[in-house]
Amino acid sequence: MGELVIQNVNVVLPDRVLENGSVRLQDQLIQEVSENPWLAPEDPDGRIVDGQDAYLLPGFIDIHSDNIETVIQPRPQSMIDFELAMREQEKQLVCQGITTMYHSLTIMDTNFGGERVAQKQQLRSPENLARLIGLIRNFHEGDHLIRHRFHCRYEITNTRGYSMLLGFIRNRDMQLLSFMDHTPGQGQYRNLEFFKNHVMSQSQTEEEKNRILTDRMNRTKLTAEQLALAADMAVQAGIPIASHDDDSLEKLDYVTQSLHARICEFPVELSVAKEARRRGMSVVVGATNVLMGRSHSNNLSAREAIENGCADILVSDYFPAAILHGVFKLWEDGLLSLPQAVNMATLNPAKAVRVAEHLGSIEPGKCADLILVSKKGDIPVVLSTFINGEEVTRLHYRNDFVGKDGARYD
């Protein structure tokens with residue numbers, strides 16, 4: 001890569017904002033961070049980008065998002081070609097500031113129960129999962145805009161998919177593993193009425209709902225020995241492990257001691273989030289939760305966790321654009337400084353999934369994954385995205401054009 005200098009920007013570093021600074025990029029890396037707003041290229045053929053006093057941030061690292069499922073299946077009976085969907089999705093992501101996406105694909109039993117979940121069963125079949133994971137690998141190794149990774153979300157009631165899980169671990173197909181348990185009566189679905197309303201159709205009778213509920217509550221799960229074996233294999237393969245919807249201190253004991261989990265995704269109680277943080281786990285909250293001011297399932301509010309100092313990582317969960325807006329809202333609402341808010345979507349997830357040596361902050365020697373962000377009214381927008389020092393997208397916001405005759409053309 002040739003030299004590129006981004007001038008006249010407010011550079012968001014891990015611990016401060018360098019106002020009116022410049023960053024020099026070359027050979028895919030950040031070479032220099034300067035207090036000089038008009039740093040000149042060393043190479044006479046070097047390119048200059050005038051940031052026009054915008055913010056320069058590290059690219060976002062989204063370690064939990066199942067948005068690709070919505071892109072592939074925008075309606076229950078509509079299935080878009082997988083490669084087409086991923087091509088279109090990454091064009092959206094790069095304009096939303098996400099430069100590394102951990103596609104969170106669920107490996108669940110094929111008879112979860114309930115009409116809403118059944119709509120996703122075809123997409124989540126073993127054959128389609130294998131196709132998607134192959135595409136993630138192909139995008140990573142071939143032509144792509146952003147960095148693609150596979151976050152394997154394994155439902156522990158899926159006893160028939162256990163050999164598939166072990167195969168993914170052996171083949172190093174995944175870059176993050178989380179163990180999930182969506183059995184009603186605990187975790188995300190500790191409120192049984194919420195489970196009925198969220199998972200089941202309003203057209204189902206109460207008798208049908210209760211039958212499904214009973215079936216789900218009595219579903220066989222993987223044994224402790226099976227889970228421990230998978231976790232041990234993942235550790236040996238260098239794959240980070242996350243727990244999901246932790247709702248008690250006893251569950252924290254289990255996931256940390258037996259499953260080696262070091263990431264706590266979406267704890268449902270503040271006391272659990274505090275204890276997970278005290279134990280050194282990285283606590284994940286949803287950016288959409290930040291924007292709405294509440295959890296869609298009436299569990300722990302992300303803002304409450306942040307206010308109590310027990311949240312580390314911001315993820316999109318299902319709405320990728322939420323990360324950019326969540327970061328700026330946390331800063332503008334006074335909950336965090338701008339560097340602290342940015343770290344939640346960059347450096348902190350990079351540390352949790354063990355890529356911080358190369359990604360997650362604007363520091364010399366790291367990969368030049370950067371986003372240039374400005375404000376349009378009250379809304380932050382991505383103007384340019386750089387990956388490995390190459391500008392992969394640029395947006396130009398226009399105003400009314402005035403022609404030579406003085407007429408206005410909208």
Side-chain angles (χ1 to χ4, degrees), residues 12 14 17 54-71 89-104 145-149 151 175-176 178 242 263 265-266 282-296 300-303 305-306 311-333 335-353 355-356 359-362 369-376 378-387 392-393 395:
V12 182
V17 177
Y55 294 97
L56 188 67
L57 281 60
F60 298 140
I61 301 171
D62 191 357
I63 66 171
H64 185 117
S65 174
D66 59 12
N67 174 255
I68 187 59
E69 293 185 343
T70 302
V71 178
Q89 188 206 32
E90 70 169 358
K91 288 193 292 186
Q92 296 173 8
L93 297 176
V94 79
C95 293
Q96 294 163 341
I98 296 172
T99 55
T100 301
M101 170 59 86
Y102 281 69
H103 297 283
S104 305
L145 289 174
I146 69 169
R147 304 178 192 274
H148 295 269
R149 298 293 186 267
H151 173 180
Q175 287 73 48
L176 176 60
S178 59
I263 301 171
E265 292 189 320
F266 313 122
S282 297
V283 177
V284 174
V285 295
T288 313
N289 186 318
V290 169
L291 296 182
M292 296 193 305
R294 62 177 181 82
S295 161
H296 77 280
L300 175 63
S301 159
R303 295 174 67 93
I306 292 167
D312 304 279
I313 296 172
L314 202 63
V315 299
S316 70
D317 195 3
Y318 53 91
F319 180 48
I323 292 184
L324 174 65
H325 302 293
V327 163
F328 275 80
K329 186 168 183 60
L330 289 172
W331 171 45
E332 291 165 352
D333 288 355
L335 271 70
L336 297 173
S337 69
L338 182 57
Q340 288 173 328
V342 169
N343 286 346
M344 289 192 71
T346 56
L347 185 56
N348 294 353
K351 289 178 178 178
V353 295
V355 296
L359 301 172
S361 59
I362 302 179
D369 288 10
L370 307 169
I371 58 175
L372 195 61
V373 178
S374 185
K375 297 290 288 293
K376 299 300 175 188
D378 294 330
I379 306 300
V381 297
V382 174
L383 300 178
S384 292
T385 300
F386 306 82
I387 297 181
V392 296
T393 190
L395 297 181

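Bear in mind the structure is a predicted one, so any value in this text is a computation, not a measurement. Atoms considered below: every heavy atom in the structure, side chains included; atoms not considered: hydrogens, waters and symmetry mates.
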Indicate yes or no: at least one non-hydrogen side-chain atom of [X] is less than 4.5 angstrom from one of [Y].
X: I387; Y: I146; value: yes
X: S178; Y: E265; value: yes
X: L314; Y: V285; value: yes
X: V392; Y: F386; value: no
X: V327; Y: M344; value: no
X: F266; Y: V315; value: yes
X: L291; Y: K329; value: yes
X: N67; Y: F319; value: no

Candidate pair L56 and I362, rule side-chain contact (heavy atoms from CB on, under 4.5 Å), full reasoning: CA-CA 9 Å; L56 188 67; I362 302 179; 4.2 Å; yes
Only one of T393, T99, I371, V382 passes side-chain contact (heavy atoms from CB on, under 4.5 Å) with V94, and that residue is T393
Please name the residue in the list H64, H151, E69, H148 that meets the side-chain hydrogen bond (donor to acceptor under 3.5 Å, both in side chains) test with H103. H148
How many angstroms lie between [atom1] in [X] and [atom2] in [Y], if you round to the nearest 0.5 Å?
X: I98; Y: R147; atom1: CD1; atom2: CZ; result: 14.5 Å
X: I63; Y: S104; atom1: CD1; atom2: OG; result: 8.5 Å
X: T288; Y: Y318; atom1: OG1; atom2: OH; result: 4.5 Å
X: L145; Y: K91; atom1: CG; atom2: NZ; result: 8.5 Å
X: D66; Y: S316; atom1: CG; atom2: OG; result: 8.0 Å
X: I263; Y: K351; atom1: CD1; atom2: NZ; result: 13.5 Å

Would you name the heavy atoms of [X] and [Y] that are closest together and state the gap between them?
X: V12; Y: P339; value: CG1-CA, 4.0 Å
X: P320; Y: Q96; value: CB-OE1, 3.3 Å
X: S282; Y: A352; value: OG-CB, 3.9 Å
X: W331; Y: L338; value: CD1-N, 3.3 Å
X: T346; Y: G59; value: CG2-O, 3.5 Å
X: Q175; Y: Y102; value: CB-CE2, 3.8 Å

Donor-acceptor contact below 3.5 Å, side chain [X] vs main chain [Y]:
X: D312; Y: V283; result: yes
X: N343; Y: N348; result: no
X: S374; Y: L372; result: no

Would V290 and L335 count as a side-chain contact (heavy atoms from CB on, under 4.5 Å) here? Give the steps. CA-CA 11 Å; V290 169; L335 271 70; over 6 Å; no
side-chain contact (heavy atoms from CB on, under 4.5 Å) for T100 and L359? Distances and angles first, verdict last. CA-CA 9 Å; T100 301; L359 301 172; 3.9 Å; yes
With under 30° as parallel and over 60° as perpendicular, where do the rings of Y55 and F328 fit, or are they tilted in between? perpendicular
Electrostatic pair D333-R303, nearest N-O below 4.0 angstrom: yes
